[in-house]
Amino acid sequence: MTMVLLYVVVLILIAIVLFGVASVVFGRGEQLPPLPRATTATVLPASGVTGADVEAVKFSQTLRGYKTSEVDWVLDRLAQELDSLRAEVDALRSQRVESAADARD
């Protein structure tokens with residue numbers, strides 16, 4: 001029984017030392033201030049989102065995957081951008097059709 005207890009104590013001490021070394025080496029001991037509510041560190045331009053902007057998006061990871069609020073925010077921004085571009089394309093198409101009809105008259 002004493003031998004098992006000694007093994008457990010040595011194992012716990014080794015775990016504490018490994019955790020301490022890993023904290024110092026990888027710098028996980030510092031804490032960053034939390035972001036204000038309803039904000040995200042994920043960045044996209046206010047308009048004119050390009051493919052490179054989308055490729056550069058990085059999401060914070062949580063225990064079960066990516067941070068849902070950040071993913072939702074990016075998807076909402078991309079949806080707005082797509083809607084804006086579709087409206088602009090439709091306006092240009094209708095303008096082209098009207099100018100073609102005027103040219104025929």
Side-chain angles (χ1 to χ4, degrees):
M1 181 68 181
T2 308
M3 197 63 148
V4 172
L5 183 60
L6 181 63
Y7 283 134
V8 170
V9 169
V10 169
L11 184 63
I12 290 172
L13 288 174
I14 290 172
I16 290 171
V17 169
L18 287 176
F19 178 77
V21 169
S23 294
V24 169
V25 170
F26 296 113
R28 292 293 187 190
E30 75 274 2
Q31 289 189 2
L32 297 174
L35 289 173
R37 288 202 102 160
T39 61
T40 178
T42 307
V43 178
L44 279 176
S47 65
V49 177
T50 65
D53 294 329
V54 175
E55 289 174 8
V57 169
K58 301 291 181 225
F59 297 109
S60 302
Q61 289 190 340
T62 59
L63 183 63
R64 299 183 73 186
Y66 294 112
K67 195 170 182 181
T68 306
S69 61
E70 290 181 1
V71 175
D72 290 343
W73 179 82
V74 167
L75 291 175
D76 289 342
R77 280 282 301 113
L78 291 174
Q80 290 171 3
E81 189 71 22
L82 284 172
D83 290 343
S84 171
L85 290 172
R86 296 273 184 217
E88 189 174 332
V89 166
D90 289 342
L92 290 171
R93 282 183 181 158
S94 65
Q95 198 175 43
R96 187 180 70 186
V97 168
E98 288 174 4
S99 64
D102 290 339
R104 279 186 261 164
D105 290 337

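The chain is numbered in sequence order, starting from 1.
- By the criterion of side-chain heavy atoms lying less than 4.5 angstrom apart, applied directly or through intervening Ile, Leu, Val, Met, Phe, Trp or Tyr residues, Leu13 is not grouped with Val4; the two fall into different hydrophobic clusters.
- Taken together through direct or relayed side-chain contacts under 4.5 Å among Ile, Leu, Val, Met, Phe, Trp and Tyr, Leu5 and Ile12 form parts of separate hydrophobic clusters.
- By the rule that hydrophobic residues join a cluster once side-chain heavy atoms approach within less than 4.5 Å of another member, Trp73 and Val54 end up as members of one cluster.
- To the nearest 0.5 Å, atoms CG (Asp83) and CZ (Arg86) are separated by 9.0 Å.
- Panel note: side chain Ser84, backbone Gln80; no donor-acceptor pair is recorded below 3.5 Å.
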Given side chain to side chain contact (heavy atoms under 4.5 Å, CB included), test Val89 with Arg93 step by step and report yes or no. CA-CA 6 Å; Val89 166; Arg93 282 183 181 158; 3.8 Å; yes

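- Under the 4.5 Å side-chain contact rule for hydrophobic residues, Leu18 and Tyr7 share a cluster.
- Put simply, Ile14 and Leu6 are part of the same group of oily side chains (I, L, V, M, F, W, Y) that touch within less than 4.5 Å, one to the next.
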